[in-house]
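A quick write-up on the structure given underneath.
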Amino acid sequence: MTPAFELEGETATTHHTNSANNGANDNQIGFKSRVSVIGSGSWGSVAAKLVAFNTLNLSSFHDEVKMWVFEETLQSGKKLTDAINRTNENVKYLPGIKLGKNVIADPDLDNAVKGANMLVFVTPHQFIDNICKSLVGKVRSDAEAISLIKGMEVKIEGPCLISTYISEQLGINCSVLMGANLASEIAEEKFSEATVGYGNNREIAEQWVQLFTTPYFMVTPVQDVEGVELCGTLKNVVAIAAGFVDGLDMGNNTKAAIIRFGLREMREFCKLLFSSVKDDSFFESCGVADVITTCFGGRNRKVAEAFAKNGGKRSFYELEAEMLQGQKLQGVPTAREVYEVLRHRGLLELFPLFATVHEICSGCLPPSAIVIYSEKKPRLPV
């Protein structure tokens with residue numbers, strides 16, 4: 001993975017212990033939760049804005065919300081962290097949007113999470129490995145985490161969801177929040193919704209719902225961590241395919257077909273990895289709604305369109321640097337990770353769209369191959 005520092009009946013959950021300060025127990029009378037947001041891109045900044053609104057208005061939370069910032073020097077010569085704290089805006093990734101005066105940007109990761117019992121992870125998935133390794137033993141043993149990260153870890157032993165990776169590395173429970181969430185629109189307080197995926201503890205899910213819900217942002221809990229998270233991850237691969245269609249001016253009928261094929265492969269891939277995934281999850285915001293909005297308005301679609309218009313002659317890496325101003329694509333590395341999972345299991349022929357997206361991204365096929373693949377007859381369902 002890319003190094004992080006080179007630069008979307010209930011039973012109580014059992015926590016592992018670690019050497020971090022334990023702090024007060026959540027059940028203690030008068031206890032107030034502290035929230036830290038780990039990440040400060042456009043989506044991380046929007047998450048901080050949502051959370052900060054609620055911590056000011058809910059008596060069960062401390063007002064202050066720490067937001068960890070990977071420090072950068074702006075063109076003006078000033079530090080990004082200083083600019084955020086001075087203007088109350090992320091002037092690079094979310095300019096013109098006030099985050100809330102109770103959002104405190106902090107470039108020190110350890111200090112940003114100190115004392116927090118609710119950790120919101122919202123970074124490019126390429127960075128989560130180093131972030132978690134840096135936090136081992138430094139978070140509260142009773143902390144709860146939620147991941148807004150779209151992606152997965154693929155290791156020799158097989159695929160690992162980001163929420164699982166966070167849980168295993170830090171010894172804490174991790175829920176997920178996914179949905180049709182274009183950061184710029186939520187920042188402008190246009191109505192949107194999201195899905196919280198949780199495991200066994202409904203009470204924890206309700207806390208996350210309470211923390212993120214605002215008059216313009218509706219959150220629904222679903223007991224299906226794997227389904228919710230994989231939907232949020234795989235939709236970026238479908239968005240890359242949709243971008244190829246747009247870049248080649250293939251039209252709306254073709255784009256609709258690609259989206260449908262993508263949804264079908266998303267469902268079968270989820271079921272392949274986790275038989276517990278619920279069909280209903282695909283009809284929540286994390287499912288079909290997220291696929292639609294990402295295929296029409298997301299950064300993955302935008303850069304894939306440019307890639308196709310250039311005939312695949314300019315790399316995604318080059319286009320990402322030029323078009324996204326420091327933001328990261330998720331669809332391209334996710335397509336590679338999905339491809340590796342399918343290749344290892346000998347199942348590439350069953351997922352022709354996913355396989356073709358990666359082969360186009362890696363230069364093995366031209367962008368026009370995005371429709372040629374449909375002549376194949378996938379043997380779905382798995």
Spell out, as yes or no, whether a donor-acceptor pair under 3.5 Å connects the side chain of [X] to the backbone of [Y].
X      : Y      : result
Asn236 : Gln330 : no
Ser36  : Ala112 : yes
Arg299 : Lys328 : yes
Asn54  : Leu211 : yes
Asn310 : Gly312 : no
Asp290 : Met178 : no
Asn102 : Ala52  : yes
Lys138 : Ser134 : yes
Thr233 : Met152 : no
Glu229 : Val176 : no

Heavy atoms only: give me the nearest [X]-[Y] pair and the separation to one decimal.
X      : Y      : value
Asn300 : Gly331 : OD1-N, 2.7 Å
Cys361 : Ile240 : SG-CG2, 3.9 Å
Ser175 : Ile204 : OG-CG2, 4.4 Å
Gly151 : Ile162 : O-CG1, 3.3 Å
Leu273 : Pro159 : CD2-CG, 3.9 Å
Ala304 : Phe244 : O-CD2, 3.6 Å

Value for CD (Gln126) from CD1 (Ile131), rounded to nearest 0.5 Å, stands at 10.5 Å
Value for SG (Cys174) from CG (Leu119), rounded to nearest 0.5 Å, stands at 9.0 Å
Could you walk me through whether Glu144 and Asn173 pass side-chain hydrogen bond (donor to acceptor under 3.5 Å, both in side chains), step by step? CA-CA 5 Å; Glu144 287 286 337; Asn173 182 57; 2.9 Å; yes
Do the side chains of [Y] and [X] get nearer than 4.5 Å, heavy atoms only?
X      : Y      : value
Lys92  : Leu74  : yes
Leu161 : Leu230 : yes
Phe307 : Ile360 : yes
Thr356 : Leu365 : yes
Leu353 : Ile370 : yes
Leu80  : Thr73  : no
Val91  : Ile84  : no
Phe269 : Val338 : yes

So the salt bridge (Lys or Arg N to Asp or Glu O under 4.0 Å) pairs with at least one residue in residues 39-59 (sequence neighbours excluded) are Lys49-Glu189
Residue pairs meeting salt bridge (Lys or Arg N to Asp or Glu O under 4.0 Å), one or both in residues 244-253, sequence neighbours left out, come to Asp246-Lys255, Asp246-Arg301
Checklist entry - Can you check salt bridge (Lys or Arg N to Asp or Glu O under 4.0 Å) on Arg336 and Glu340, steps first, answer last? => result CA-CA 6 Å; Arg336 181 181 65 248; Glu340 287 303 313; over 6 Å; no
Under 4.0 Å between a side-chain nitrogen and a carboxylate oxygen: does that hold for [X] and [Y]?
X      : Y      : answer
Lys133 : Asp129 : yes
Arg140 : Asp142 : yes
Glu206 : Arg202 : yes

Please report, to 0.1 Å, the donor-acceptor pairs under 3.5 Å made by any side chain of residues 281-289, with sequence neighbours excluded.
{"unit_1": "Ser281", "atom_1": "OG", "unit_2": "Asp224", "atom_2": "OD2", "d": "2.6"}
{"unit_1": "Ser285", "atom_1": "OG", "unit_2": "Ala180", "atom_2": "N", "d": "3.0"}
{"unit_1": "Ser285", "atom_1": "OG", "unit_2": "Glu193", "atom_2": "O", "d": "3.1"}

Sorted by chain and number, sequence neighbours left out, side chain to side chain contact (heavy atoms under 4.5 Å, CB included) with Pro107 holds for Glu71, Thr81
For Glu322, the side chain to side chain contact (heavy atoms under 4.5 Å, CB included) test, sequence neighbours excluded, returns Arg314
Sorted by chain and residue number, the side-chain hydrogen bond (donor to acceptor under 3.5 Å, both in side chains) partners of Asp279 (sequence neighbours excluded) come out as Arg267, Lys271
With Met67 as partner, the option from Asp106, Leu99, Val122 fulfilling side-chain contact (heavy atoms from CB on, under 4.5 Å) is Leu99
- prompt: Strictly by modelled atom types, are Thr55 and Asp63 linked by a side-chain donor-acceptor pair under 3.5 Å?
  reply: no
Requested in this report: Answer with yes or no whether the side chains of Glu337 and His358 bring together a donor and an acceptor at under 3.5 Å.
Outcome: no
Whether over 12 other heavy atoms sit under 6.0 Å from Tyr317 OH: no
For this session: Would you indicate whether Lys78, at its atom NZ, is surrounded by more than 12 heavy atoms from other residues, nucleotides or ligands within a distance under 6.0 Å?
Result: no
Passes ring pair (Phe, Tyr, Trp, His ring centres under 6.0 Å), Phe212 versus Phe217? Steps please. CA-CA 7 Å; Phe212 279 96; Phe217 193 69; 7.0 Å; no
* **Aromatic centroids of Phe354 and Tyr339 separated by under 6.0 Å** => no
